[in-house]
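Report on the structure given below.
So you know, we letter chains A, B, ... as the sequences are listed, proteins then strands, and number each from 1. Model, not experiment: these values are computed from the prediction.
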Number of protein chains: 2
Amino acid sequence: MKYSKATNYALHTMMHMMAASPDKPIGVQSLSEAQRVSPTYLSKILTKLVKAGLIESASGANGGYRLKGRYEDISFLDIIHAVEGTASLFDCCGSVNSECLIHQEMLSAEAAMEEKLRNTRIIDLAKRLEHSHRHG
Amino acid sequence: MKYSKATNYALHTMMHMMAASPDKPIGVQSLSEAQRVSPTYLSKILTKLVKAGLIESASGANGGYRLKGRYEDISFLDIIHAVEGTASLFDCCGSVNSECLIHQEMLSAEAAMEEKLRNTRIIDLAKRLEHSHRHG
DNA sequence: TTAATTACAGACTTCACATATCCATGATAG
DNA sequence: CTATCATGGATATGTGAAGTCTGTAATTAA
Ligand code: SF4
Ligand code: SF4
């Protein structure tokens, strides 16, 4: 029961892109160096963000990844859902039983967490701090 | 990023014990039959609950597992912590950086879920419904 | 047109952990 | 003493996370 490291990488990358210039694409090479993760692996993760419509990519020289459209609205939950999927944390027996009290409680608790994550936008944190360090 | 099946078993078992008589110990044999899980495996899970002080066990004939003390106060979170552990869902780089905004937000969101789980007691749900079915 | 650069997709490996199973041991009631 | 019951350790087994490798496609610069 842990968030994957991929989610961590995605959050850091998005934070970094928000703090940097949103105009020019940034190659996965430079994005990976700040986080000590291999470029090919980070690329896999960022492709998920592309498919989720959160960012856009450009092949070829001077290509890379770039924010698009209404990037100010992107929340923590958007990124987490793009990377981890949207399935419930509590999948008992596959079927959703709306009458089950255990099930209801677990979904309700998860919803409380998602509510918090949905109401926090990356851009707000990026504004509050030029956050580029990565300790370890 | 899923709750383990062990947590599911523990929740069902506790719900069952609350609905049944709290006086007599119930053997893991009968507890397991209701959930279609092997007795030995369920025993391992229940031992965690014993060590967490949520229930008590009695060896020998007519032994088994039984609620103890202030069992009315047991919350969802108590059981989940006993089974899954109390570590944070978001463990980046091991160290807790209180100044990191990403870290703060993730902890805050997790706290919202735990708050909900802490404020829901098993006994309340057991009262509302004699809940012993297990579909699959 | 060619070469360099970049993202993308698939196969693959490795590793950690969840999910058990089996068996020996210990405790306890009758 | 014996049947019953929990506990602990060792041991599979399966699944998903984490990461690597390599070829392919797209795009730009020369
Ligand atoms: S009884 Fe409720 S919690 Fe248990 S498996 Fe069914 S729906 Fe899920
Ligand atoms: S989220 Fe913050 S504390 Fe955690 S690794 Fe990233 S920068 Fe460090």
Side-chain angles (χ1 to χ4, degrees), chain A residues 1-13 17 24-33 35-68 80 82-85 87 89-94 136, chain B residues 1-10 12-13 17 24-33 35-52 54-68 80 82-85 87 89-94 136:
Chain A
M1 184 62 173
K2 290 262 177 224
Y3 277 108
S4 68
K5 298 180 78 170
T7 290
N8 196 322
Y9 294 146
L11 288 172
H12 282 82
T13 302
M17 291 176 75
K24 290 182 181 177
I26 311 179
V28 75
Q29 189 71 36
S30 65
L31 287 171
S32 67
E33 286 168 1
Q35 300 186 53
R36 295 180 189 172
V37 59
S38 83
T40 53
Y41 184 46
L42 184 59
S43 174
K44 275 199 190 311
I45 299 165
L46 295 186
T47 298
K48 287 186 178 180
L49 300 183
V50 171
K51 292 191 172 173
L54 300 179
I55 59 178
E56 63 186 0
S57 64
S59 289
N62 299 329
Y65 296 93
R66 183 172 42 179
L67 297 171
K68 55 181 282 196
I80 292 173
V83 175
E84 303 257 352
L89 301 188
F90 188 74
D91 62 340
C92 52
C93 66
Chain B
M1 183 62 173
K2 290 265 177 223
Y3 278 106
S4 69
K5 299 178 77 171
T7 290
N8 196 321
Y9 294 145
H12 281 82
T13 302
M17 290 176 75
K24 290 183 183 177
I26 312 179
V28 73
Q29 189 72 36
S30 66
L31 287 171
S32 66
E33 287 169 359
Q35 300 185 52
R36 294 180 188 170
V37 60
S38 82
T40 54
Y41 184 46
L42 183 60
S43 174
K44 276 199 188 312
I45 299 166
L46 295 186
T47 298
K48 287 186 178 180
L49 300 183
V50 171
K51 292 190 172 173
L54 299 179
I55 59 178
E56 62 186 0
S57 64
S59 288
N62 299 327
Y65 297 93
R66 182 173 42 179
L67 297 170
K68 55 181 282 197
I80 292 174
V83 176
E84 304 257 351
L89 301 186
F90 188 73
D91 60 341
C92 51
C93 66

Specify the closest pair of heavy atoms between [X] and [Y], including all atoms of both residues, with the distance to one decimal.
| X | Y | value |
| --- | --- | --- |
| A:Lys24 | A:Arg66 | C-CD, 4.1 Å |
| B:Asn8 | B:Gln35 | O-OE1, 4.4 Å |
| B:Val50 | B:Glu56 | CG2-C, 4.4 Å |

[X] [atom1] to [N] [atom2]: how many Å, rounded?
| X | N | atom1 | atom2 | result |
| --- | --- | --- | --- | --- |
| B:Met1 | C:dA18 | CE | C1' | 16 Å |
| B:Ile45 | C:dT21 | CD1 | P | 11 Å |
| B:Lys2 | D:dA17 | NZ | C1' | 15 Å |
| B:Lys48 | C:dA20 | NZ | C1' | 13 Å |
| B:Tyr3 | C:dA18 | OH | P | 14 Å |
| B:Lys24 | C:dT28 | NZ | P | 21 Å |
| B:Leu42 | C:dT19 | CG | P | 13 Å |
| B:Gln29 | D:dA3 | CD | C1' | 14 Å |

[N], OP1 or OP2 - any side-chain N/O from [X] closer than 4.0 Å?
| X | N | result |
| --- | --- | --- |
| B:Ser57 | D:dC5 | no |
| B:Ser4 | C:dA18 | no |
| A:Ser38 | D:dT20 | yes |
| B:Tyr9 | C:dA20 | yes |
| A:Lys5 | C:dC15 | no |
| B:Asn62 | D:dT4 | no |
| B:Ser59 | C:dG26 | no |
| A:Tyr41 | C:dT13 | no |

Determine whether a donor-acceptor pair (one donor, one acceptor, N or O, separation below 3.5 Å) exists between the side chain of A:Lys44 and the base of C:dG10.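 Result: at least one qualifying N/O pair found.
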Requested in this report: Report the residue (A:Ala6 or A:Gly60) whose heavy-atom-nearest nucleotide on DNA chain D is the more 5′ of the two.
Outcome: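 The residue closer to the strand's 5' end, by nearest nucleotide, is A:Ala6.
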What nucleotide, of C:dA9, C:dT21, C:dA29, holds the atom closest to the side chain of B:Thr40?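 Looking only at heavy atoms from C-beta outward on B:Thr40, the closest nucleotide is C:dT21.
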Of B:Glu84 and B:Ala61, whose closest DNA chain C nucleotide lies nearer the 5' terminus?
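Of the two residues, B:Glu84 wins.
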message = With a 3.5 Å distance limit and no angle check, can you tell me whether A:Gln29 reaches the backbone of A:Pro39 through a side-chain donor-acceptor pair?
response =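 No; zero donor-acceptor contacts below 3.5 Å.
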Query raised in the report: Mind checking whether A:Leu46 and A:Tyr9 have side chains closer than 4.5 Å, heavy atoms only?
Result: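 The answer is no; the side chains never approach within 4.5 Å.
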* Asked: B:Val37 near the nucleic acid: base, sugar-phosphate alone, or nothing, with a heavy-atom cut-off under 4.0 Å?
  ->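 Result for B:Val37 = nothing.
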For B:Lys2, I'd like to know if atom NZ has over 12 heavy atoms of other residues, nucleotides or ligands within 6.0 Å.
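It does: B:Lys2 NZ has more than 12 such atoms within range.
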